[in-house]
**Student:** 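Right, I'll just put the structure down here and ask away after.
Atoms considered below: every heavy atom in the structure, side chains included; atoms not considered: hydrogens, waters and symmetry mates.
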Amino acid sequence: MLFFFLIFGSVCLFLGGIFFLVFRRSRARHETLSRTLTAEAWAKLTDTESRTEYDIKNRAHTVFYGVYEYDTADGQHLSAPSDFGYHDAAGIPGTQGRPVKIRYNPKHPEEFALTEEQAVSEMIWPKFRKVALLLIVLGVLFLAAAAAAGLGLLPSLSDLLPASE
């Protein structure tokens, strides 16, 4: 039982730490984009790009990115791909021909994000953070239980079972 608590606690703590680091890094990038993407425009989906990307198990997946055209406040006409990928090209915002609202960086107008994609990110982050914190708490609790069992502060499993005759 001690071995199980040590392994399970260590795995939970490790995964929680990884989730938390990914959350912090992604959240920091999102906050930076929110500060720099201050101008708004309407964009039209003109094309899609497909890229082969690999998951953690090194399996190939096709991911689709929308290419949008938009005009900046100073009259520049730009075309650029979104950074937000989709596993189904039909799910890309703007596929039904409707214009989509974007926010772009006035100093570097090719940097943009769709406002609806930013809203999705803002919905995901609190859930991601909760999962990370839950894993960290579980890891700490299981490691504390393992330490208590190792110090003899918890009864062993054999002490809890009825004695055989």
Side-chain angles (χ1 to χ4, degrees), residues 1-38 40 43 45 47-68 80-95 100-105 107-108 110-162:
M1 186 156 87
L2 176 64
F3 183 71
F4 169 77
F5 279 13
L6 282 172
I7 296 299
F8 190 75
S10 298
V11 168
C12 283
L13 198 57
F14 177 75
L15 290 176
I18 295 294
F19 270 57
F20 192 75
L21 289 175
V22 168
F23 162 76
R24 292 296 302 156
R25 183 171 179 244
S26 297
R27 186 68 184 163
R29 182 179 184 276
H30 179 76
E31 288 172 357
T32 299
L33 284 177
S34 294
R35 280 192 309 274
T36 59
L37 304 180
T38 57
E40 290 186 348
L45 178 70
D47 198 5
T48 59
E49 290 181 358
S50 62
R51 302 178 198 157
T52 301
E53 297 182 2
Y54 296 89
D55 64 17
I56 197 164
K57 293 182 180 179
N58 207 28
R59 293 179 297 202
H61 297 279
T62 301
V63 180
F64 299 93
Y65 296 86
V67 178
Y68 295 90
S82 173
D83 288 338
F84 205 92
Y86 294 83
H87 290 286
D88 180 14
I92 297 174
T95 54
V100 292
K101 192 177 237 182
I102 65 165
R103 295 178 61 86
Y104 67 91
N105 182 346
K107 294 179 183 174
H108 303 282
E110 66 282 352
E111 294 176 8
F112 77 96
L114 277 69
T115 54
E116 62 188 79
E117 290 172 350
Q118 286 184 307
V120 168
S121 293
E122 289 177 12
M123 281 183 355
I124 291 172
W125 294 131
K127 292 175 176 96
F128 202 76
R129 183 179 62 225
K130 287 177 185 174
V131 168
L133 292 175
L134 176 68
L135 286 170
I136 290 170
V137 167
L138 279 174
V140 168
L141 288 175
F142 272 88
L143 289 175
L151 294 172
L153 301 174
L154 292 178
S156 69
L157 189 57
S158 60
D159 293 340
L160 298 174
L161 296 174

**Student:** First locate atom CG of L138, then atom CG of L133, and finally report the distance between them rounded to the nearest 0.5 Å.
**Tutor:** 11.0 Å
**Student:** So, taking the atom named CZ in F20 and the one named CZ in R129, what distance separates them when rounded to the nearest 0.5 Å?
**Tutor:** 8.5 Å
**Student:** If I compare all heavy atoms of A89 with all of T95, which pair ends up nearest, and what's the gap?
**Tutor:** O-CG2, 3.5 Å
**Student:** If I take atom CD1 from residue I92 and atom OH from residue Y68, how far apart are they, to the nearest 0.5 angstrom?
**Tutor:** 6.0 Å
**Student:** According to salt bridge (charged side-chain N to carboxylate O under 4.0 Å, His left out), who are the partners of D88, at least two apart in sequence or on a separate chain?
**Tutor:** none
**Student:** Check whether S50 reaches the backbone of T62 with its side chain - one donor and one acceptor, N or O, closer than 3.5 Å.
**Tutor:** no
**Student:** Could you pull out the closest heavy-atom pair between F19 and A132, with the gap in Å?
**Tutor:** CB-CB, 3.6 Å
**Student:** Within the structure provided, determine whether L143 and L6 are in side-chain contact (heavy-atom separation under 4.5 Å).
**Tutor:** yes
**Student:** Measure the OH-CZ distance between Y54 and R59 for me, rounded to the nearest 0.5 Å.
**Tutor:** 13.0 Å
**Student:** Is the ring pair F84/Y86 parallel, tilted or perpendicular, if the boundaries are 30 and 60 degrees?
**Tutor:** tilted
**Student:** Closest heavy-atom contact between A146 and F5?
**Tutor:** CB-CB, 3.7 Å
**Student:** For the CG atom of L135 and the CZ atom of F14, what is their distance to the nearest 0.5 Å?
**Tutor:** 12.0 Å
**Student:** State, yes or no, whether a side-chain contact exists between E40 and I102 at a heavy-atom distance under 4.5 Å.
**Tutor:** no
**Student:** Using side-chain heavy atoms (C-beta onward) and a distance below 4.5 Å, is S10 in contact with F142?
**Tutor:** no
**Student:** Mind listing the closest non-hydrogen atom pair of E110 and A80 along with its distance?
**Tutor:** O-CB, 4.1 Å
**Student:** Please indicate whether R51 has more than 12 foreign heavy atoms, meaning atoms of other residues, nucleotides or ligands, lying under 6.0 Å from its CZ.
**Tutor:** yes
**Student:** Looking at every heavy atom in both V100 and G94, which two are closest together, and how far apart are they?
**Tutor:** CG1-N, 3.8 Å
**Student:** Apply the test side chain to side chain contact (heavy atoms under 4.5 Å, CB included) to residues L13 and I136: give CA-CA distance (whole Å), side-chain angles for both, the deciding distance (0.1 Å), then the verdict.
**Tutor:** CA-CA 5 Å; L13 198 57; I136 290 170; 4.0 Å; yes
**Student:** Roughly how far, to the nearest 0.5 Å, is the OG1 atom of T38 from the CZ atom of R103?
**Tutor:** 7.0 Å
